[in-house]
Amino acid sequence: METNDLKLMAREQFDYLKKGTVEIINEEELLARLERSLRERRPLRIKAGFDPTAPDIHLGHTVLLRKMKHFQDLGHEVIFLIGDFTGLIGDPSGRSVTRKPMTREEINRNAETYRQQIFKILDPEKTIVDFNSRWLGSLTSFEIITLTAKYTVARLLERDDFALRLKGGLPIGVHEILYPLMQAYDSVALRADVELGGTDQKFNLLVGRDIQREFGQEPQIVITMPLLEGLDGVEKMSKSLGNYVGITEPPKEIYGKIMSISDPLMFRYYELLTDIKLDQIEAWRKEAEAGRINPRDLKARLAWLIVADFWGKEEADKAAREFDRVFRQKGMPEEMNEIAISFLSAEKEELSLNIVDLLVNYRLAPSRSEAKRLIRQGGVDLNGQRIEDINFRIDFSQSKEHILRLGKKKFFRLKRTD
RNA sequence: GGGCAGGUACCAAAGUGGCCAAAUGGGGCGGGCUGUAAACCCGCUGGGGAAACCCUUCGGAGGUUCGAAUCCUUCCCUGCCCA
């Protein structure tokens, strides 16, 4: 093939890959390597690491996964690396409580969950799933020391979060500063051409370059992706902060969560989570600002798109209809969690249940105090009637079924079973 | 190894013998407004109790006291300075 053709094709790939990235270190290298890959008909090896402790994939992860998918689309080799080694030794970087080391079984189970989820985006045929314990687990202490000798403490402490912690008088465990080196060694073991990560990973990714060089390898190209803000619009999306949308959540959950985000965040989500072109998003933003378009409708469209991504169009339609019925027309959801209420034979005379007992016994409230609080504050309603008395008894003798609503969003169907 | 400063609720942070289930802010929850927006406003936020009130909590364990988050002893943990 002509050199010029190769250059052109590489350029094409490059442009496709660049879309949505924050930074590529560095661009010329990537371009050159793409070209070589085409010339030698050898796919690039793309690495992205994931923590085995949180097998719940949320929209934040999908930003990265989409980029991995892009590489797959171009025929490159994508390695989904599960950082099980950290899991085995117990990564303390939550820092409030020492995390329990995970067992092999737990990790395997989580890995399996990952597999089921990532293939909603990645191509199962083309994805290599690997575990870093495969090489990190068998390093000898001599090899570890040799590895650490290749870097300096000052360089490791440069990292922003360490610098901040140091300044703030917070503890830093020795294993924590070792962590970037371990991750870097993953790149050596895998001979990675490219490593993908969130912008918060930049430091670790760059250490990878240095360490690969030390091991006589060509340094990997580092590509950082933006971190998706969570539903609160401030913190990054994470499970521990509870501001996330899991991709396995039911359609109406996803839809509802997206509808609750702020308008500015909506445009951000459009940008990072859909294939809508940037100028189109920009145009919508202007229309909305000018009042020519209702932001609500844009948001509904976004919610639909995201649900459709993971559940298909039909489910997305259904979620949209359901949402309108429940929240715009203040109706009842089509399906709700059903709670089977059974009476002991001794209670059969009564066939009624105190509201507080119900909330606590069926684990709808964590404690009686909490249940009473909820009632006193007007957050409980039965068949459309607000319950204000904590001594209220739900009567099951006349009708076997009641609709219970807690707060604005939680509906339950209480069904008496005999 | 020596010196110093700390450890309080989900988080941050006040409180230094009774008025402390513990100020304040954040978060969370509920209500109002609305587009289930966001922002904003109001309320709640250890457990039990209808309430009075009772029980369990301020790093752990002991002790002093009528009474301890607060004083003493000891242990554990963290940071800073010196070596």
Side-chain angles (χ1 to χ4, degrees), chain A residues 92 94-98 157 162-174 176 229-245 249-270 284-285 287-289 291-304 307 319-333 336 354-357 359-361 363-382 385-393 404-411:
Chain A
R95 131 167 83 88
S96 48
V97 213
T98 311
L157 290 180
F162 285 158
L164 280 172
R165 277 213 246 167
L166 213 49
K167 217 174 179 176
L170 294 164
I172 299 172
V174 172
E176 291 182 276
E229 292 86 349
L231 297 171
D232 53 49
V234 183
E235 304 284 351
K236 73 167 182 177
M237 184 174 282
S238 83
K239 197 184 180 189
S240 53
L241 290 172
N243 60 359
Y244 74 110
V245 181
E249 288 189 63
K252 64 175 180 179
E253 284 294 320
I254 298 179
Y255 195 95
K257 281 183 175 180
I258 298 299
M259 286 308 282
S260 76
I261 64 176
S262 71
D263 291 351
L265 190 61
M266 158 173 85
F267 293 110
R268 177 82 173 148
Y269 277 22
Y270 259 117
W284 280 340
R285 190 205 305 271
E287 293 276 294
E289 267 166 25
R292 282 192 294 273
I293 192 168
N294 187 344
R296 201 214 78 94
D297 296 333
L298 280 179
K299 205 176 289 173
R301 184 182 192 135
L302 173 69
W304 187 92
V307 173
R321 279 198 306 272
E322 176 89 354
F323 182 86
D324 282 352
R325 179 170 57 245
V326 176
F327 296 106
R328 298 183 79 181
Q329 293 149 30
K330 305 254 183 263
M332 297 284 176
M336 49 186 117
N354 173 266
I355 179 70
V356 175
D357 291 336
L359 291 177
V360 174
N361 293 344
R363 304 198 183 275
L364 303 175
S367 69
R368 299 183 66 82
S369 298
E370 198 87 29
K372 290 176 195 167
R373 211 172 281 142
L374 194 62
I375 296 163
R376 288 195 178 115
Q377 294 184 139
V380 177
D381 125 359
L382 189 74
Q385 291 274 307
R386 183 178 279 186
I387 295 179
E388 272 151 346
D389 179 11
I390 57 171
N391 291 314
F392 184 88
R393 297 188 74 84
L404 180 72
R405 185 166 60 86
L406 301 182
K408 282 175 187 154
K409 306 168 196 176
K410 284 175 279 182
F411 287 86

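All of these numbers come straight from a predicted model, not from anything done at the bench. Here is how names work: the chains are called A, B, and so on, in the same order as the sequence lines, proteins then strands, and each is numbered from 1.
- Applying the salt bridge (charged side-chain N to carboxylate O under 4.0 Å, His left out) rule to A:Lys236 yields the partners A:Asp200; only residues at least two apart in sequence or on another chain are considered.
- Residue pairs meeting the side chain to side chain donor-acceptor pair (under 3.5 Å) criterion with at least one member in residues 258-270 of chain A, sequence neighbours excluded: A:Glu229-A:Arg268, A:Asp263-A:Lys299.
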What does nucleotides 2-9 of chain B look like as a protein-contact string, B for base, S for sugar-phosphate only, - for none, at under 4.0 angstrom between heavy atoms? --------
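- Partners of A:Lys408 by side-chain contact (heavy atoms from CB on, under 4.5 Å), not counting sequence neighbours: none found.
- Contacts of A:Asp297 classified as side-chain contact (heavy atoms from CB on, under 4.5 Å), with partners at least two apart in sequence or in another chain: A:Asn294.
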Given protein heavy atoms under 4.0 Å, the one-letter contact record of nucleotides 78-83 of chain B, with B base, S sugar-phosphate only and - none, is simply SS----
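- Checked against salt bridge (charged side-chain N to carboxylate O under 4.0 Å, His left out), A:Asp357 has the following partners two or more places apart in sequence or in another chain: A:Arg368.
- By the salt bridge (charged side-chain N to carboxylate O under 4.0 Å, His left out) test, A:Glu287 pairs with A:Arg292, sequence neighbours left out.
- Listed by chain and number, the residues in a salt bridge (charged side-chain N to carboxylate O under 4.0 Å, His left out) with A:Arg363 amount to none (sequence neighbours excluded).
- The side-chain contact (heavy atoms from CB on, under 4.5 Å) test applied to A:Gln377 returns A:Arg373, not counting sequence neighbours.
- Considering only residues two or more places apart in sequence or on other chains, A:Ala371 meets the side-chain contact (heavy atoms from CB on, under 4.5 Å) condition with A:Val356, A:Leu359, A:Val360, A:Ala365.
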Going 5' to 3' through nucleotides 41-53 of chain B and flagging B where a protein heavy-atom sits under 4.0 Å of the base, S where only the sugar-phosphate is that close, and - otherwise, we get --BBS-SSBSS--
